[in-house]
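We name chains A, B, ... by the order of the sequence lines, and we start the count at 1 in each one.
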Amino acid sequence: MLVSGAALLLASGAFIAYETVLHRHTMVLDLSVQAQMIGTNCVSAVLFDDPRSAENTLAALRAASHVTSAWIYTPDGKPFAGYQRDGNSAPPKLPPFSGGSAETHHFKNGQLALVHPVTFQQKLTAIVYIQSDLLGLYQRLETFIGIGVGVMLASLLAAFLVSSISRRAIAKPIQELSETARRVSRDKDYAVRATPTEGSDEIATLIDTFNGMLAQIQERDDALHKAQEQLNLALMSAAIGTWNLDIARQVMTWGDSMPLLFGLKPGTFSGKPEDVLRLVHAEDRDGVAKWMTEYRSDDTLLETEFRAISPEGTIHFLGGRGKLHRDTAGQPARLTGVCWDITERKRAEEALRESELSFRLLFAGNPVPMWVYDLESLEFMEVNDAAVSHYGYSREEFLSMRLADIRPAEDVKLLYEKLGRERKILDESGPWRHRLKDGRIIRVQTTSHLLTWNGRQSSLVVVQDISLRLRVEEEIRQLNSELEQRVAERTRQLEASNKELEAFTYSVSHDLRAPLRHVDGFSKLLVEEHRAELSADALDYVATIRDSVVQMGTLIDDLLNLGRVGRKPLVMEVAGLNSLVDEVRRDLMRANPDREIEWKVDTLPFVECDPGLMKQVFVNLLTNAVKFTRPRKPAIIAVGVTDQDGARAIFVRDNGVGFSMKYANKLFGVFQRLHRSEDFEGTGVGLATVQRIINKHGGRVWAQAELDKGATFYFTVGSPEDTAAEKRA
Amino acid sequence: MSQEEMQILLVEDNPKDVKLTLHALHEDHLANTIQVARDGEEALDFLFCRGQFSHRRFDHPPRLVLLDLKLPKTDGLEVLRAVKGDPRTHAIPIVILTSSREESDLVESYKLGVNAYIQKPVEFDSFRQAVKQLGLFWLVVNEPPPARSFNP
């Protein structure tokens with residue numbers, strides 16, 4: 001609007017100026033014409049010096065209202081006649097006149113003055129001086145200015161109307177568009193969109209295009225972000241850091257992974273290259289500084305390795321690589337590069353170096369003889385110190401020999417046979433015979449392992465000298481066989497003596513009893529058939545004889561029984577102890593019908609035992625119990641199970657005469673008796689038999705008693721596992 | 001003594017035992033039907049009707065054989081084996097009457113088919129009682145095997 005206003009103003013001004021110039025020109029022409037007319041009409045008057053006529057002529061100027069005055073001068077400049085529109089005044093002084101016939105004019109004091117020389121017959125005759133006001137000009141100017149202002153106002157109004165309409169349709173959307181563009185560029189927010197307008201004019205198209213462009217930018221931006229994130233992740237995972245050095249400004253920027261490599265917290269790096277150097281191991285600092293300034297011909301940096309020390313003092317080995325970028329003038333502008341952690345590789349290299357060294361030491365210094373031989377030529381390629389000292393050959397001698405050379409000639413065929421067979425990577429073989437340098441033969445066991453040694457297919461052999469072991473084994477074998485022989489001999493002897501013993505006891509059981517029987521039988525017959533002839537004393541003697549015979553018989557029976565128990569192998573089966581006890585009890589009741597006995601028999605377990613022998617145990621123990629309770633009325637005999645130190649024990653308890661524990665150690669000895677035979681008969685073999693049977697079963701037997709207060713006999717039988725099995729059953 | 005009266009064969013080498021045994025049997029009037037063999041050989045001759053007993057016949061066997069184990073020449077177990085192993089004699093009741101009661105003897109005797117096994121008690125009263133009961137049981141109480149039992 002301002003612009004259109006100014007343009008209008010300029011146009012109006014130009015027009016007015018033009019009009020003014022044009023009008024002034026017209027006025028000058030008009031006045032000139034009038035001056036000529038006056039001059040022509042007044043020539044005669046001047047010639048005839050008639051001022052009255054001239055003044056009449058001049059008076060005609062009344063018709064031209066704008067002429068304010070007119071004067072005629074003689075060529076010498078004297079006023080001749082004059083006309084004045086308003087009043088009288090002295091004739092103005094003739095303006096300086098150049099002479100000649102050229103007409104001049106000038107504008108002065110709101111007046112146009114024109115001087116017109118009049119010539120007659122090429123001779124200056126008079127000079128016309130005419131003055132006109134500029135009212136006409138001013139009136140025209142006023143009119144023009146009025147029109148111009150009117151036009152301008154009208155056009156400004158029109159312009160305002162148009163602009164306010166277009167503002168809604170064009171300017172506002174564009175303004176918004178530009179605001180949006182500003183936001184986008186300021187905030188880098190590609191998600192915003194310009195508000196679309198209705199319609200389908202250029203603005204709408206522009207906004208659509210702009211939004212489309214933004215959408216594309218956003219898409220690319222997202223993709224870029226994603227790619228950046230992935231790259232960062234990859235760099236992080238691979239422990240690769242990126243860096244950028246502005247050479248001119250000496251500012252370094254780091255990628256996300258870089259601080260980790262240097263052991264810094266993210267965001268704490270200053271960006272100064274010298275601070276980077278401070279993080280480098282002192283010994284590597286110069287190298288790194290130099291590295292960053294030495295570009296190769298293709299503007300890359302040599303790959304370098306250096307140690308970084310974190311603020312905590314941890315050392316990381318880092319690798320670095322970089323590239324130089326030049327500015328348009330070809331001058332170095334910036335360096336970009338990467339760093340990565342090579343600590344593990346370095347450590348592995350170190351470990352490998354150490355392990356190689358260890359391996360060399362293990363081989364060379366191993367106390368076991370070892371060598372490496374070429375699989376093809378069978379030459380020794382390497383031997384260790386132990387092999388040298390064990391075999392007596394020097395290292396040089398070894399290395400000039402083949403495998404066959406350290407073997408007795410007759411074994412070489414065997415060696416080739418073995419080597420001809422399929423080779424296993426790890427193989428044990430032997431025993432082999434090897435010949436030492438001094439000619440002695442040793443026997444060895446070898447373990448070999450295939451490997452590549454100095455580029456040759458070879459085998460590492462570990463040698464174990466088993467000569468001593470074989471010798472010792474041989475000795476042991478001999479000793480063993482001698483021992484076996486001796487054992488066999490002893491067994492034979494033992495068997496023979498066992499047989500003898502059996503024959504002896506067999507014969508004893510038959511032959512020893514027979515005479516006793518005869519003694520008793522005939523004593524009895526003597527008494528029966530010759531009682532009348534015998535005195536009372538004689539009868540008493542015979543009774544004593546018979547007593548001894550019975551005692552002797554019992555003794556023989558008991559001893560034979562004891563011997564039998566010792567010799568007889570156990571025949572194990574599972575037997576219920578209650579049934580054994582019941583059998584024995586019934587026999588005892590039958591044998592002692594006049595005794596009053598209270599039996600208390602608990603539920604007893606089933607045990608794995610030799611039932612015949614186990615019954616013998618109960619026979620002996622219960623017989624004793626019955627015997628030693630003879631003075632008791634009633635006698636109380638109990639049989640039960642008790643737990644003794646975690647083991648199951650069977651007991652037989654009576655309320656008999658008991659015994660003093662003083663003699664408990666004699667209780668189970670053969671022929672040991674704690675009672676006089678006139679009080680309680682017995683041979684002193686019963687408990688010895690019990691102990692022998694129980695011991696044979698892997699159990700033990702013991703007694704607890706007090707004089708006159710009864711006795712308890714305990715025995716264990718069977719292992720605790722049996723007990724457990726029983727509980728399960 | 002006629003053949004028919006031979007009801008008990010006592011195989012016993014010890015004369016004292018013979019005497020005591022016969023004494024016990026006498027009291028019940030069983031002794032006069034007793035034939036005594038002093039060793040296994042003699043016993044087998046008697047039972048198998050040979051040698052000095054070749055006049056005997058298999059269809060008149062003794063009602064009871066009292067057999068000691070420990071005998072000269074052929075011992076009791078061999079006699080038992082021979083008698084029980086022969087169809088002509090295996091039905092004859094044989095009772096072992098011996099001093100020992102070695103388990104091996106018991107086992108072997110029963111395996112061979114002995115009809116009873118008695119250990120001679122050392123005490124004479126018991127011995128006499130046992131012999132008496134034996135005689136009475138086998139000769140009086142027990143039904144003897146019919147003659148057909150001895151035919152193979």
Could you list each N or O donor-acceptor pair linking chain A to chain B at a distance under 3.5 Å?
from	atom 1	to	atom 2	distance (Å)
A:Y506	OH	B:D105	OD1	3.2
A:Y506	OH	B:D105	OD2	3.0
A:H510	O	B:S99	OG	3.4
A:H510	ND1	B:T98	OG1	3.4
A:H510	NE2	B:S100	OG	3.1
A:D511	OD1	B:K70	NZ	3.3
A:D511	OD2	B:K70	NZ	3.0
A:R513	NE	B:S99	O	2.7
A:R513	NH2	B:S99	O	3.2
A:R513	NH2	B:K120	O	3.0
A:R517	NE	B:D17	OD1	3.2
A:R517	NH1	B:S99	OG	3.1
A:R517	NH2	B:D17	OD1	3.1
A:R517	NH2	B:D17	OD2	2.9
A:R517	NH2	B:S99	OG	3.2
A:H518	NE2	B:D17	OD1	3.1
A:H518	NE2	B:D17	OD2	3.1
A:D520	OD2	B:F124	N	2.4
A:K524	NZ	B:D125	OD1	3.4
A:K524	NZ	B:D125	OD2	3.4
A:E528	OE1	B:R128	NH1	2.6
A:E528	OE2	B:R128	NH1	3.0
A:E528	OE2	B:R128	NH2	2.4
A:E529	OE2	B:H23	NE2	2.3
A:R564	NH1	B:E102	OE2	3.3

Exercise for review: Output the residues of residues 575-587 of chain A for which the shortest heavy-atom distance to chain B is under 4.5 Å, in residue-number order; output 'none' if no such residue exists.
Suggested key: none
Point to revise | Contact residues of residues 623-631 of chain A (partner chain B; heavy-atom separation under 4.5 angstrom) | key: none
Check your understanding: Under the salt bridge (Lys or Arg N to Asp or Glu O under 4.0 Å) rule, what pairs show up with a residue in residues 691-700 of chain A, not counting sequence neighbours?
Key -> none
Point to revise | Within 6.0 Å of CZ in A:F504, more than 12 heavy atoms from elsewhere | key: no
**Study point:** Heavy-atom check, side chain of A:V549 versus side chain of B:F124, under 4.5 Å
**Key:** no
